[in-house]
K.L.:
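Mind looking over this structure? Questions follow.
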Amino acid sequence: METAFAWSLCLSAVVVLLSIGPLTYGRVKAGYSAENMSAPRALFDELPDFGKRAVWCHQNCWESITLHAPACLLCLIAGVISPVAVIAAWVHPIVRFIYIGAYVGDIPPARGLCWASGLLCSTLLYKEGLTVLLSS
């Protein structure tokens, strides 16, 4: 069971890296080149709409992993054995991956559902980890 938390952590990191794809594609569509390397953020206003959403999505993926990674580590350290925690650990990277498509594809209801689901998963991991720690 504990391997689910390690896998969730690793897969969530992969999701952050995958969010670079749409961001890069948006920059290429806007004419990004090696000359822009000194100020890549200056190109933001030139990005197509999906490219702007890709930037925001990528930033949100980083924000999400800063909450999720400690939750996974807490469960690993505490030795959590809980089906709820395992399900939450597996669901998080899945919904965060779907989140990328929903955000870049401009599907607000799906994006909101994925965001809330991912946050709920991390919250459940904190709850389960703290429950084990406090009962020791």
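This one's a predicted model, so the numbers in the text were calculated from it and none came from an experiment.
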K.L.:
Val95 and Leu113: same hydrophobic cluster, using ILVMFWY side-chain contacts below 4.5 Å?
P.N.:
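They do not share one cluster, since no chain of ILVMFWY contacts under 4.5 Å joins Val95 to Leu113.
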K.L.:
Measure the acute angle between the ring planes of His92 and His68, then classify it against the limits of 30° and 60° as parallel, tilted or perpendicular.
P.N.:
parallel
K.L.:
Closest heavy-atom contact between Ile65 and Pro70?
P.N.:
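Answer, listing the atom of Ile65 first, then Pro70: O-CD, 4.0 Å.
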K.L.:
Run the side-chain contact (heavy atoms from CB on, under 4.5 Å) test on Leu120 and Val91 for me, step by step, so that the C-alpha distance in whole Å, both residues' side-chain angles and the decisive distance to 0.1 Å come before the verdict.
P.N.:
CA-CA 10 Å; Leu120 177 62; Val91 167; over 6 Å; no
K.L.:
Just verifying a value: how many Å separate Ile87 CD1 and Ser8 OG, rounded to the nearest 0.5 Å?
P.N.:
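The OG atom of Ser8 is 13.0 Å from CD1 of Ile87, to the nearest 0.5 Å.
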K.L.:
Considering all heavy atoms of both residues, which atom of Val15 and which atom of Phe97 are nearest to each other, and what is their separation?
P.N.:
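In terms of heavy atoms, the two residues are closest at CG1-N, 4.0 Å.
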K.L.:
Got a second to check how far Ile100's CD1 is from His58's NE2, nearest 0.5 Å?
P.N.:
9.5 Å
K.L.:
Do you reckon Val132 sits in the same ILVMFWY cluster as Leu73, going by side-chain contacts under 4.5 Å, direct or chained?
P.N.:
yes
K.L.:
Working to the nearest 0.5 Å, report the span between CG of Leu11 and CZ of Arg96.
P.N.:
14.0 Å
K.L.:
Does any part of the side chain of Val55, heavy atoms only, come nearer than 4.5 Å to the side chain of Gln59, both counted from C-beta?
P.N.:
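Yes, their side chains come closer than 4.5 Å.
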K.L.:
Within 45° of the ring axis of Tyr103 and under 6.0 Å from its six-membered ring centre, is that where the NZ or CZ of Arg53 lies?
P.N.:
no
K.L.:
So which atom in Val104 and which in Ala54 form the shortest heavy-atom distance, rounded to 0.1 Å?
P.N.:
CG2-CA, 3.9 Å
K.L.:
I want to check something: taking the side chain as every heavy atom from C-beta on, are Pro108 and Asp106 in contact at a cut-off of under 4.5 Å?
P.N.:
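Yes, close enough: below the 4.5 Å cut-off.
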K.L.:
Test your reading of the model: is there a side-chain donor-acceptor pair from Ser64 to the backbone of Asn60, 3.5 Å cut-off?
P.N.:
no
K.L.:
Taking CH2 in Trp90 as the centre, count heavy atoms belonging to other residues, nucleotides or ligands within less than 6.0 Å. Is the count above 12?
P.N.:
yes
K.L.:
Examine Tyr25 and Leu47 and state if one hydrophobic cluster contains both, with Ile, Leu, Val, Met, Phe, Trp and Tyr joined whenever side-chain heavy atoms are less than 4.5 Å apart.
P.N.:
no
K.L.:
From Leu133 CG over to Ile77 CD1, what is the distance, rounded to the nearest 0.5 angstrom?
P.N.:
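Between atom CG of Leu133 and atom CD1 of Ile77 there are 8.5 Å.
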K.L.:
To the nearest 0.5 Å, what is the distance between CG on Leu130 and SG on Cys75?
P.N.:
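Leu130 atom CG to Cys75 atom SG measures 8.5 Å (nearest 0.5 Å).
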K.L.:
Got a sec: does the CZ of Phe50 have more than 12 other heavy atoms crowding it under 6.0 Å?
P.N.:
yes
K.L.:
Has Ser19 got a side-chain atom pairing as donor or acceptor with Val16's backbone, closer than 3.5 angstrom?
P.N.:
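Flag set: sc Ser19 to bb Val16 pair under 3.5 Å.
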K.L.:
Short question: side chain of Ser12, backbone of Leu9 - any donor-acceptor pair under 3.5 Å?
P.N.:
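Between the backbone of Leu9 and the side chain of Ser12 there is no qualifying donor-acceptor contact (under 3.5 Å).
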K.L.:
Has the side chain of Tyr126 got a donor or acceptor atom that lies under 3.5 Å from a matching backbone atom of Leu67?
P.N.:
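Yes, because the side chain of Tyr126 sits within donor-acceptor range (under 3.5 Å) of the backbone of Leu67.
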K.L.:
Got a second to check how far Leu18's CG is from Cys61's SG, nearest 0.5 Å?
P.N.:
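Reported value, rounded in 0.5 Å steps: 9.0 Å.
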K.L.:
Using the rule that two of Ile, Leu, Val, Met, Phe, Trp, Tyr join whenever any of their side-chain heavy atoms come within less than 4.5 Å, decide whether Leu125 and Leu76 are in one cluster.
P.N.:
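Yes, same cluster.
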K.L.:
For the pair Leu119 and Trp115, evaluate side-chain contact (heavy atoms from CB on, under 4.5 Å) and give the outcome as yes or no after the intermediate values.
P.N.:
CA-CA 6 Å; Leu119 184 60; Trp115 178 86; 3.7 Å; yes
K.L.:
Does Lys127 offer a backbone N or O that forms a donor-acceptor pair with the side chain of Thr131 under 3.5 Å?
P.N.:
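Pair found, side chain donor or acceptor close to backbone of Lys127.
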